[in-house]
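The structure appears below as structure tokens.
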Amino acid sequence: SFQFIDGEYPESHEPTTKEEQFAKPVTLRTRTYTLKITDIGSEDTCRDETIREANGFILVYDICDPSTFEKIPQLYKKIRKVKAPVEDGNLSTTSPTPALPAIVMARNKLDMFNKRKVSREKAEKEAKRLNCGYTEVTAK
């Protein structure tokens with residue numbers, strides 16, 4: 001988030017340990033929107049309210065830390081449960097099921113490829129299983 005919001009990447013910073021929110025104006029064509037980013041850091045989950053307010057999700061994991069990759073399916077399941085409860089049988093109604101927002105899995109720290117502990121193949125397979133997009137990035 002530092003790179004995107006501030007345009008610079010600090011060489012040393014404390015990892016995010018609790019939910020933090022950032023905002024930045026983004027212009028598309030002639031219209032300006034406020035892009036709000038919520039970084040849940042190392043928390044095991046995010047608040048239902050945070051999920052309800054969001055229009056899209058990027059589930060980021062660290063290629064050097066398998067525990068972050070292992071959290072992806074749980075976060076994905078929680079997003080589905082909060083955003084489309086009808087589909088999971090948690091809500092009895094005749095209204096149509098709300099559409100799920102865009103969900104993308106992102107493999108982070110590509111600049112540290114030599115310390116990788118989660119393979120690209122494993123990540124692509126998981127993204128396909130979850131039926132979500134997949135991309136690779138580096139915060140730098």
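Just so we're clear, the structure is a prediction, and the values are computed from it rather than from any experiment. Computed from heavy atoms alone, side chains included, the values below leave out hydrogens, waters and symmetry copies.
The nearest pair of heavy atoms linking Ala127 to Gly133 is CB-O, 4.1 Å. Residue Tyr76 comes nearest to Ile103 through the heavy atom pair CE1-CD1, 3.6 Å, listed as atom of the first residue, atom of the second, then distance. The two atoms that bring Phe69 and Ala123 nearest to each other are CE1-CA, 3.8 Å, heavy atoms only.
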Pair Leu110-Val137, side chain to side chain contact (heavy atoms under 4.5 Å, CB included): steps then yes or no
CA-CA 6 Å; Leu110 287 180; Val137 299; 5.7 Å; no

Run the numbers on Arg120 and Glu124 for salt bridge (Lys or Arg N to Asp or Glu O under 4.0 Å), then give the verdict.
CA-CA 6 Å; Arg120 179 180 181 171; Glu124 287 175 339; 2.9 Å; yes

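Every residue meeting the side-chain hydrogen bond (donor to acceptor under 3.5 Å, both in side chains) condition with Thr27, not counting sequence neighbours, appears here in chain and number order: Thr32. Arg129 pairs by the side-chain hydrogen bond (donor to acceptor under 3.5 Å, both in side chains) definition with Glu126, not counting sequence neighbours. Remark: Arg116 pairs with no residue by the side-chain hydrogen bond (donor to acceptor under 3.5 Å, both in side chains) rule, at least two apart or across chains. Listed by chain and number, the residues in a side-chain contact (heavy atoms from CB on, under 4.5 Å) with Lys115 are Cys64, Met112 (sequence neighbours excluded).
Atom-to-atom distance recorded for Phe57:CZ and Ile79:CD1 is 4.5 Å, nearest 0.5 angstrom. Here Asp39 contributes atom CG and Thr50 contributes atom OG1; the two are 11.5 Å apart, rounded to the nearest 0.5 Å. Separating the CZ atom in Phe22 from the OG1 atom in Thr38 is a distance of 9.0 Å, to the nearest 0.5 Å. To the nearest 0.5 angstrom, Phe113 atom CZ is 12.5 Å from Thr138 atom OG1. The NZ atom of Lys125 lies 12.0 Å from the CG atom of Leu130; values are rounded to the nearest 0.5 Å. Taking CG of Leu59 as the start and CG of Asn108 as the end, the distance is 13.0 Å to the nearest 0.5 Å.
You'll find the side chain of Glu20 stays beyond 4.5 Å of the side chain of Ile37, heavy atoms only. Contact of the Leu28 side chain with the Tyr33 side chain is registered, since non-hydrogen atoms from C-beta on lie closer than 4.5 Å. Contact annotation: the side chain of Asn55 never approaches that of Pro101 to less than 4.5 Å [non-hydrogen atoms, C-beta and beyond].
In summary, of the residues considered (Glu136, Arg107, Lys117), a side chain to side chain contact (heavy atoms under 4.5 Å, CB included) with Ile63 occurs for Arg107 alone.
With Lys83 contributing its side chain and Arg52 its backbone, the two residues share a donor-acceptor pair below 3.5 Å.
A side chain to side chain donor-acceptor pair (under 3.5 Å) check over residues 56-69, counting only residues at least two apart or in different chains, returns the pairs Asp62-Lys109, Asp65-Ser67.
Ile58 shares a hydrophobic cluster with Val60; the chain of contacts runs through ILVMFWY side chains whose heavy atoms sit under 4.5 Å apart.
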